[in-house]
Undergrad: 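So that we are looking at the same thing, I have put the structure below in structure tokens.
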Amino acid sequence: MDSHAEDYLLIDRFLAGDEECFGTLVKKYQNYVINIVYSLSSNFQAAPDIAQEVFIKVYKNLLYFKKESAFSTWLYRITINTTYSFIRAKRELFVAVNTSAEPLRITKGSLTELEEKERRQLVQEAIGSLPSKYRTVLVLKDIEGLSYIEIARILKCRLGTVESRLSRAREVLKRALSSIAGKDGEI
Amino acid sequence: MNCHKVKKLLPRYVDNELADAETLNRLATHLKTCLSCSRELNSIMVLKKLVSGQERLQAPDDFLARVKDRLKPEPQIIRLEWVPEAGILAKWLIPVPVTAFLVLAVVLFGSIKREMAAEQKSYFDPFNTEMILSPSML
Ligand SMILES: [Zn+2]
């Protein structure tokens with residue numbers, strides 16, 4: 001059975017009263033959801049809470065889920081919307097969280113590990129500074145590894161829109177990251 | 001295939017979205033000989049690697065338990081069921097105690113005033129200042 005059919009079956013059984021099936025869905029998708037939330041929000045501390053919120057919405061709305069799309073498409077859409085409403089609501093708090101980000105510790109690990117951590121932080125900052133429509137497409141493509149068609153379905157837009165937003169995202173990111181990518185002499 | 005066409009196809013190539021074998025072939029042929037397009041390909045690949053190399057988070061072990069906790073009905077949710085009736089409640093039930101209180105207050109105040117007047121009449125001593133300021137009279 002493919003993943004989509006399996007999801008539909010779990011949903012049917014959940015709606016018929018088998019609560020365990022909801023747990024199975026959560027376990028199956030929790031890491032995807034948490035990572036999308038984190039990549040879009042850059043908020044490490046809040047990511048699990050926002051992801052929980054996503055699944056609460058799923059629980060309450062599964063009854064209205066029409067099997068016109070894959071469950072994952074619907075779930076990713078809820079994840080993106082929930083994350084952006086959180087960002088809008090907590091914008092001020094976000095600034096506080098980001099500026100008080102814990103300093104890098106040198107006690108453990110080699111210098112290259114430290115550099116790696118710094119680099120990841122810079123990349124995350126650069127992703128976070130992208131306008132949301134570009135950020136979303138970039139995260140779904142390069143972090144989640146979804147196909148153009150899957151992204152188009154999630155965002156309810158045309159394939160060409162996905163492609164142009166992705167190109168734009170990469171252009172902006174390339175400029176923002178030229179200093180660190182320049183170390184490899186590749187960008 | 002010219003540079004313009006190749007550069008347009010490069011993101012699809014990097015993203016594994018080019019399925020057509022002939023297009024792939026012609027693209028590869030061009031890349032072998034064109035430095036400009038190869039550089040652009042490399043640049044997209046490095047960027048993609050940087051972004052996709054971000055740390056993956058793991059959901060905490062108690063993730064599902066926390067979701068279930070938050071789904072448990074709380075007393076507040078039960079109270080929420082009364083919300084649609086709140087208008088009716090406000091219309092009928094709130095004025096009742098308020099009116100009752102006001103009536104009671106008027107009656108009580110009236111009787112206290114009368115008592116005070118009675119007390120003042122019977123015990124008032126113009127030479128006893130202590131009595132005038134006694135808290136029981138205020
Ligand atoms: Zn060329």
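The structure displayed is predicted, hence computed values, not measured ones. Naming convention: chains lettered A, B, ... in sequence-line order (proteins, then strands); numbering from 1 in each chain.
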Undergrad: Should A:E113 and A:K117 count as an ion pair when the cut-off is N to O under 4.0 Å?
TA: no

Undergrad: Looking only at heavy atoms, which of residues 135-147 of chain A get nearer than 4.5 Å to chain B?
TA: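 The list, in residue order, reads A:L138, A:K141, A:D142, A:I143, A:E144, A:S147.
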
Undergrad: Heavy-atom pairs under 4.5 Å with chain A - which of B:K48, B:R12, B:R56, B:E40 has more of them than the others?
TA: B:R56

Undergrad: Quick one: which of B:D15, B:N16, B:V67 has the most heavy-atom pairs under 4.5 Å with chain A, could you say?
TA: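 That would be B:D15.
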
Undergrad: So that I can tick it off, tell me whether A:R168 and A:E171 are bridged by a salt bridge, with the cut-off set at under 4.0 angstrom between side-chain N and carboxylate O.
TA: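 Between A:R168 and A:E171 there is a salt bridge, with a charged N closer than 4.0 Å to a carboxylate O.
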
Undergrad: Is A:R119 paired with A:E115 through a side-chain N to carboxylate O contact shorter than 4.0 Å?
TA: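 No, this pair does not count.
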
Undergrad: Under a 4.5 Å heavy-atom cut-off, does chain A meet the side chain of B:E55, its backbone, both or neither?
TA: both

Undergrad: Among A:R170, A:E19, A:Q30, which residue forms the greatest number of heavy-atom pairs with chain B at distances under 4.5 Å?
TA: A:R170

Undergrad: Which atoms of A:Y148 are under 4.5 Å from chain B, going by heavy atoms: the side chain, the backbone, both sets, or neither?
TA: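 A:Y148 touches chain B through backbone and side-chain heavy atoms alike.
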
Undergrad: Taking every non-hydrogen pair under 4.5 Å, which of A:I149, A:I127, A:L166, A:L173 racks up the most with chain B?
TA: A:L173

Undergrad: Flag the pair B:R66 and B:D69 as a salt bridge only when some basic side-chain nitrogen lies within less than 4.0 angstrom of an acidic carboxylate oxygen.
TA: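 Salt bridge absent between B:R66 and B:D69.
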
Undergrad: Answer with side chain, backbone, both or neither: which region of A:E53 has an atom nearer than 4.5 Å to a non-hydrogen atom of chain B?
TA: both

